[in-house]
Amino acid sequence: MAVPVKEPRGDTRQRLLTVAAHLFRTKGYAATSTREIARHLRIQTASLYHYIRSKDQLLFEIARQGLEELEAEVRPIVFSALPPLEKLRRFIETHVTIILRYRDKHAVMLAELNALPARSRRAVVALRDRYEGLVARVLEEGQAAGVVRADLPVRYLRLALLNLLNWSIFWFRPDGPLAPDEVGRMLSSVFIDGVAVGASRPGGGGGLRGRAARGSDGTPAPGG
């Protein structure tokens, strides 16, 4: 069954990336052929190679473009003079709004990264690591200001935050009750304010900064 693609406007190369991202997300990278992409663009398969060298390069360009566009939106927030907690809120809301507005591109980057050849994959991972460094910077500022809990190392807070935000790509529905910016505000509240009414944070000894995490009875947790 053919996957419906809303044909984008703009130059042919950008249209190519948009259509390919949609097909890679809905059908899977391996199951999508260059012939099918060309058919959706209403051009000959051979004409694709005027704009792109290979299907691998298409995947790389989709992932690269997604990460670079996301960083361009977030970087001014990270290096702004906003108070740390407000900076964190703005980061979360911007990140979510962008990845849901262009979810084909970002879903493909997250789900199909391992399909890239090793050299291209390393380049995308380097971009991803650079972006995650911006996330870590915001969290570190919050810890230094005493507004983000410091009993958990930043690397765990960063992983928890990005897992929460990025998973929204896979459950969000454009025709659902929430718009991308509303999802961003909801997830910002969930991460920063929590969900338990009147809950208190663990004491100084309850964090994971030590060498071993501990169970509820104070003994080392399995694998700790």
Side-chain angles (χ1 to χ4, degrees), residues 14 17-18 21 25 59-116 118-172 178-195 201 207-209:
Q14 187 55 49
L17 293 174
T18 302
R25 180 181 71 82
L59 178 56
F60 171 73
E61 290 295 336
I62 289 165
R64 180 195 61 77
Q65 188 179 88
L67 283 166
E68 289 183 349
E69 289 174 350
L70 188 58
E71 181 176 338
E73 294 289 336
V74 164
R75 182 171 285 275
I77 298 169
V78 173
F79 290 96
S80 72
L82 289 168
L85 211 54
E86 178 61 19
K87 188 180 291 190
L88 180 57
R89 287 188 190 277
R90 296 274 188 92
F91 159 74
I92 292 173
E93 292 173 13
T94 300
H95 178 99
V96 172
T97 299
I98 294 298
I99 67 172
L100 295 187
R101 187 173 294 158
Y102 305 106
R103 72 186 180 123
D104 286 345
K105 193 182 299 183
H106 291 280
V108 167
M109 188 273 293
L110 290 169
E112 301 286 4
L113 180 60
N114 287 336
L116 282 171
R119 183 176 180 180
S120 297
R121 185 168 62 250
R122 286 194 297 271
V124 173
V125 168
L127 289 172
R128 186 189 65 190
D129 289 348
R130 188 172 74 188
Y131 183 78
E132 290 183 0
L134 297 177
V135 183
R137 181 186 177 99
V138 174
L139 293 167
E140 287 165 355
E141 287 183 12
Q143 285 187 338
V147 295
V148 169
R149 58 187 295 176
D151 61 320
L152 294 170
V154 162
R155 66 181 179 275
Y156 295 137
L157 292 176
R158 186 195 73 225
L159 287 170
L161 176 57
L162 289 174
N163 185 68
L164 173 69
L165 304 187
N166 289 339
W167 193 251
S168 65
I169 286 176
F170 302 103
W171 58 257
F172 174 75
L178 296 176
D181 60 327
E182 292 173 316
V183 176
R185 288 194 294 272
M186 177 186 71
L187 295 181
S188 170
S189 176
V190 167
F191 184 80
I192 296 174
D193 304 321
V195 294
R201 291 178 178 174
L208 300 177
R209 192 172 293 279

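The figures that follow rest on heavy atoms only: side chains count, while hydrogens, waters and symmetry mates do not. For the single chain, residues carry numbers from 1 onward in sequence order.
- Within the 4.5 Å cutoff, no side-chain heavy atoms of K87 are placed close to those of R137.
- The two residues H106 and I169 make their nearest non-hydrogen contact at CB-CD1, 3.6 Å.
- Closest approach of R90 to L82, counting heavy atoms only: NH1-CD1, 3.6 Å.
- Side-chain contact between T97 and E73 is absent, with no heavy-atom pair separated by less than 4.5 Å.
- For the pair L161/L88, a side-chain contact is recorded, criterion being any heavy-atom separation below 4.5 Å from C-beta on.
- Closest non-hydrogen pair, W167 versus W171, comes out as O-CD1, 3.3 Å.
- Sequence neighbours left out, the pairs with a member in residues 158-168 that pass salt bridge (Lys or Arg N to Asp or Glu O under 4.0 Å) are E132-R158.
- Residue pairs that meet the ring pair (Phe, Tyr, Trp, His ring centres under 6.0 Å) test with at least one member in residues 128-155, sequence neighbours left out, are H95-Y131.
- The CG atom of L162 sits 9.0 Å away from atom CZ of F191, with the distance rounded to the nearest 0.5 Å.
- Residues satisfying the ring pair (Phe, Tyr, Trp, His ring centres under 6.0 Å) test with F60, not counting sequence neighbours, are none.
- Annotation: side chain of I62 is not in contact with side chain of E112 (no heavy-atom distance under 4.5 Å).
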Residues 179-190, side-chain donor-acceptor partners within the protein, below 3.5 Å, at least two apart:
residue, atom, partner, partner atom, Å
D181, OD2, R185, NH1, 3.4
E182, OE1, A179, N, 2.7
S189, OG, D193, OD2, 3.4

Chi angles and distances behind the side-chain contact (heavy atoms from CB on, under 4.5 Å) call for L59, V108 = CA-CA 8 Å; L59 178 56; V108 167; 3.3 Å; yes
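- Shown here are the salt bridge (Lys or Arg N to Asp or Glu O under 4.0 Å) partners of E69, two or more places apart in sequence or in another chain: K105.
- Not counting sequence neighbours, the partners of E71 by the side chain to side chain donor-acceptor pair (under 3.5 Å) test are R75, R130.
- Counting only heavy atoms from C-beta outward, the side chains of V148 and P84 never approach each other to under 4.5 Å.
- Closest heavy-atom contact between L67 and M109: CD2-CE, 3.9 Å.
- Note: R103 CZ to N166 CG = 14.0 Å, rounded to the nearest 0.5 Å.
- Using a 4.0 Å cut-off between charged side-chain N and carboxylate O, R64 and E61 make a salt bridge.
- Side-chain contact between I92 and R89: absent, with no pair of heavy atoms (C-beta onward) separated by less than 4.5 Å.
- In this structure, I99 CD1 and T94 OG1 are separated by 11.5 Å, a value rounded to the nearest 0.5 Å.
- Among all heavy-atom pairs drawn from F91 and I77, the shortest one is N-CG2, 4.0 Å.
- The shortest heavy-atom contact between R149 and L157 is O-CD1, 3.8 Å.
- To the nearest 0.5 Å, the span separating CG on L152 from CG on L139 amounts to 11.0 Å.
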